[in-house]
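Only one structure is covered here, and it is reproduced in the block below.
Because the structure is predicted, anything quoted here is derived from the model rather than measured. First the proteins, then the strands, lettered A, B, ... as listed; each starts at 1.
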There are 2 protein chains.
Amino acid sequence: MKGKATSFDIAHYAGVSQSTVSRALRGSPLVNEETRRKVVEVARKLNYKVDKNASNLRAQQSSTLAVLLFEDPTSDESQINPFFLSMLGSITRACAKEGYDLLVSFQSSSNDWHADYAESHRADGIILLGYGDYIDYQAKFARLLDTNTKFVCWGANVDGRPELTVSCDNQYGGRLVAEHFIELGRTDCAFIGDASHHSPEFSARFKGFEQRLQDNGKHVSERKMATAISTEESGYQATKSLLANNITFNALFGASDLIAIGAIRALQEAGLRVPHDVSVVGFDDLAVARFCTPPLSTVQQNTTLAGQMLVANLLSLIGEQEVDLANSILPPQLIVRQSSR
Amino acid sequence: MKGKATSFDIAHYAGVSQSTVSRALRGSPLVNEETRRKVVEVARKLNYKVDKNASNLRAQQSSTLAVLLFEDPTSDESQINPFFLSMLGSITRACAKEGYDLLVSFQSSSNDWHADYAESHRADGIILLGYGDYIDYQAKFARLLDTNTKFVCWGANVDGRPELTVSCDNQYGGRLVAEHFIELGRTDCAFIGDASHHSPEFSARFKGFEQRLQDNGKHVSERKMATAISTEESGYQATKSLLANNITFNALFGASDLIAIGAIRALQEAGLRVPHDVSVVGFDDLAVARFCTPPLSTVQQNTTLAGQMLVANLLSLIGEQEVDLANSILPPQLIVRQSSR
DNA sequence: CTGAAAGCGCTTACAG
DNA sequence: CTGAAAGCGCTTACAG
């Protein structure tokens with residue numbers, strides 16, 4: 001036999017028809033147990049593997065999901081936010097468990113937008129990940145909905161379609177941070193992030209934070225807020241600009257760990273001690289958080305669970321089944337380390 | 001039109017044959033420029049996308065690569081070594097640039113070994129990544145070679161097939177660390193890692209380290225070596241065991257950054273100051289290295305270049321072309337931070 | 001339970 | 001430069 005074995009080769013050697021080979025290998029209940037055993041053995045001997053291109057073409061499905069990782073266009077190319085890498089890990093695992101393959105793609109600019117993973121039948125559905133600009137997202141969502149592509153999205157809401165989103169309860173996470181600062185007696189707070197509608201996750205975190213402070217008769221002065229994207233450098237610069245304007249505060253909430261880490265660097269360079277002069281809390285609980293100086297207090301998002309929910313919900317969507325909405329908003333958890341007290 | 005448009009639909013509306021549509025869309029030089037324009041326009045209007053399953057089946061190739069990430073079975077499931085995540089990022093980018101899709105899979109146990117990505121025509125070639133056990137690897141290599149699967153491997157050599165490997169010059173990296181310690185006057189060295197043939201990368205690092213010390217009339221006493229896999233916890237435990245036996249040293253080389261970070265924790269817990277009492281150097285230059293306490297000196301591997309070379313070499317293999325051997329061993333670079341002096 | 005046959009949507013000789 | 005036709009390797013009605 002030259003080249004790879006086909007189902008016809010197996011049929012030949014097993015003394016059955018090609019249709020029976022196909023049924024036997026796919027576990028059809030129609031096939032006699034004896035026959036199946038024979039087929040499976042021949043297949044193993046000839047090292048036969050079903051050609052996925054052929055079966056996918058015929059069955060009109062791909063048993064493949066695609067994950068698109070949007071990178072903030074303003075962040076530098078080389079460093080992907082570890083948070084999403086961690087999500088990627090758990091998504092990969094969840095896919096494997098469900099028998100799906102996973103295509104991965106980074107979307108750095110808007111022009112190489114790969115909605116066509118689905119349209120070209122390479123994937124049955126798409127998972128969207130990233131701290132992108134929310135406004136940009138809406139156009140992409142429209143395109144996906146338009147082509148009837150199955151997709152789920154991390155973090156950002158699709159108008160009127162809650163079943164398409166899995167997210168952390170960002171607002172509750174923000175409340176936890178405020179509560180922590182209140183307990184510490186540190187209510188002169190700064191916020192570094194982007195509380196605008198461009199970043200729905202960051203602004204939800206801010207909203208919860210601000211609300212909890214207001215419950216306590218406090219609030220974040222607009223002067224003590226600085227915009228940053230989710231990078232160490234951006235957090236550093238934003239904090240520096242605050243300090244350069246002689247803005248003072250005794251607590252700082254970074255909308256992500258990378259931002260908080262950059263903020264700590266800016267504070268320390270300015271001669272301020274963390275947590276003695278300023279308590280700092282981040283958001284994400286990256287692996288680095290434990291190893292910072294000082295170790296960073298933060299709000300942990302459960303990426304394992306998040307990945308599992310994204311995959312589970314996407315498969316529900318593909319299978320036209322009910323999505324588990326109740327578990328699609330994941331509760332975050334405050335982790336107190338040495339950067340706040 | 002119901003469902004997705006096919007090339008026949010495009011042919012119909014463009015007033016040409018289906019073969020011409022296929023040629024036009026694939027950029028065949030055979031087709032008239034005028035005709036092509038017409039076809040392309042109709043295709044765009046109908047939102048037509050070539051069905052990858054069909055074209056792959058027919059053309060007998062998939063324009064897809066697969067990356068298999070082997071995890072050390074002894075490491076805990078949730079945390080993937082950030083070094084490989086970073087490699088994954090650069091591989092993804094390199095694939096996209098070459099017009100290939102990327103399938104990703106984590107191989108945690110030996111039984112879900114996905115060599116069949118290639119056999120089932122889902123991928124044209126495979127990239128192997130991970131700090132696995134070298135002995136285990138050999139069996140996998142044999143299987144891949146046996147089925148004539150195209151693959152490249154990071155780090156581990158395939159006997160007599162240098163074209164299948166891309167790696168960092170680990171031995172040279174080890175030399176750099178020894179040289180650094182010698183310059184600091186710290187030659188009472190400990191090594192934490194696995195210098196056995198189970199971990200060819202770690203043992204190459206050790207070999208270069210030891211050689212350079214010997215050039216200087218020194219060496220690493222076997223008592224001052226402790227075995228560890230590439231996790232923080234393992235580095236911590238290994239270092240603790242050394243200290244528990246009252247082994248002393250004034251410099252420590254961790255075979256990876258995670259190991260070195262764990263070692264620092266063990267040293268600090270034992271009341272030793274880094275770098276005052278012990279200089280510590282790691283290997284990899286993870287993103288965390290900069291944020292450690294103290295910031296970790298390390299040997300940087302260029303993951304961007306590594307990913308590019310892996311993809312480039314694999315494509316050469318697939319295209320039956322000469323592999324660029326000269327650039328397949330990447331020079332590492334010593335990064336001195338505060339953990340050594 | 002099994003087989004013969006159609007067909008998924010393309011690419012690519014072959015003939016003009 | 002273009003078209004008619006074969007065929008990639010499967011899955012799945014259809015008939016028995």
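- Side-chain contact between A:Trp154 and A:Ile127 is absent, with no heavy-atom pair separated by less than 4.5 Å.
- When the shell of 6.0 Å around CD of B:Glu33 is examined, it contains more than 12 heavy atoms from other residues, nucleotides or ligands.
- In this structure, B:Thr303 and B:Phe84 have side chains that are not in contact, with every pair of non-hydrogen atoms separated by 4.5 Å or more.
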**Item:** Protein proximity profile, nucleotides 9-16 of chain D - base contact B, sugar-phosphate-only contact S, no contact -, cut-off 4.0 Å on heavy atoms
**Value:** BBBBB---
**Message:** Between A:Lys45 and A:Glu41, does the salt bridge (charged side-chain N to carboxylate O under 4.0 Å, His left out) criterion hold? Intermediate values first, please.
**Reply:** CA-CA 6 Å; A:Lys45 260 191 195 146; A:Glu41 194 194 317; 3.2 Å; yes
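- The nucleotide C:dT2 finds its pairing partner in D:dA15, both defining distances of the Watson-Crick or G-U wobble pair being shorter than 3.5 Å.
- Counting non-hydrogen atoms of other residues, nucleotides and ligands closer than 6.0 Å to CD1 of B:Ile329 gives a total of 12 or fewer.
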